Amino acid sequence: MESNQSQKNLKNGLELVLTLQLTLELMDEYKLKGLPKKYGNMFKNSLEKDLSQSFDRLYKIDEEYTTNAMNKKNELISNIASLNEVDAILFAEFSNKFMKNIDLARKKGVVLFDKLI
């Protein structure tokens, strides 16, 4: 079993990779090219290479769960990248409410957003 520090590094690294992916998708959305896009891809690829061993160990433990978890994170990133500014603000409020009630969400599997404020 991996140490707590290894698990934390993998979690943080995967979050960074997914954030970089979101950044790259937003660059595509805004038609940004050249050095910023090149450096973003280089950074993401380097980080993925660094994380590959830890990710492979996790994948060997439970392939289906790992694949589904990454697919859901990628889906979330694509959804966030597609939001306009108004919807992004609304989504942020939903997300904040979820995070404040995460124990309830985990227990019930669903959180009802009856009001934002």
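Worth saying up front: this structure is predicted, and the values here are computed from it rather than measured.
To the nearest 0.5 Å, atom CG of residue Asp56 and atom CD1 of residue Ile61 are 11.5 Å apart. Interatomic distance, Asp50 CG to Asn45 CG, rounded to the nearest 0.5 Å: 12.5 Å. Note that the CD1 atom of Ile77 and the OG1 atom of Thr19 stand 6.5 Å from one another [nearest 0.5 Å]. Interatomic distance, Lys44 NZ to Leu16 CG, rounded to the nearest 0.5 Å: 11.0 Å. Distance check: Asp87 CG to Phe94 CZ gives 10.0 Å after rounding to the nearest 0.5 Å. Expressed to the nearest 0.5 Å, how far CG of Asn41 lies from OG of Ser46 amounts to 12.0 Å.
Within the 3.5 Å criterion, the main-chain N or O of Leu104 finds no donor-acceptor partner in the side chain of Asn101. Using a distance-only test at 3.5 Å, with no hydrogens or angles considered, a donor-acceptor pair links the side chain of Asn68 to the main chain of Glu64. Here the side chain of Ser78 pairs no donor or acceptor atom with the backbone of Glu75 at under 3.5 angstrom.
With sequence neighbours excluded, the residues that form a side-chain hydrogen bond (donor to acceptor under 3.5 Å, both in side chains) with Glu15 are Lys11.
When Val86, Asn96, Ile80 are each tested for a side-chain contact (heavy atoms from CB on, under 4.5 Å) with Phe91, only one passes: Ile80.
Residues Met70 and Leu18 are in side-chain contact: their nearest non-hydrogen atoms beyond the backbone lie under 4.5 Å apart. Contact check for Met27 versus Thr23: side-chain heavy atoms found under the 4.5 Å cut-off.
Among all heavy-atom pairs drawn from Tyr59 and Thr66, the shortest one is CA-OG1, 3.8 Å. When all heavy atoms of Ala81 and Leu22 are compared, the closest pair comes out as CB-CD1, 3.4 Å.
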Given Glu48 and Val17, is the side-chain contact (heavy atoms from CB on, under 4.5 Å) satisfied, shown in steps? CA-CA 7 Å; Glu48 285 175 333; Val17 166; 3.7 Å; yes
Check step by step if side-chain contact (heavy atoms from CB on, under 4.5 Å) holds for Glu93 and Lys97. CA-CA 6 Å; Glu93 291 302 318; Lys97 184 156 184 159; over 6 Å; no
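Note on Leu24: it does not cluster hydrophobically with Met42, by side-chain heavy-atom contacts below 4.5 Å among ILVMFWY residues.
In Lys8, the NZ atom is not crowded: 12 or fewer heavy atoms of neighbouring residues, nucleotides or ligands sit closer than 6.0 Å.
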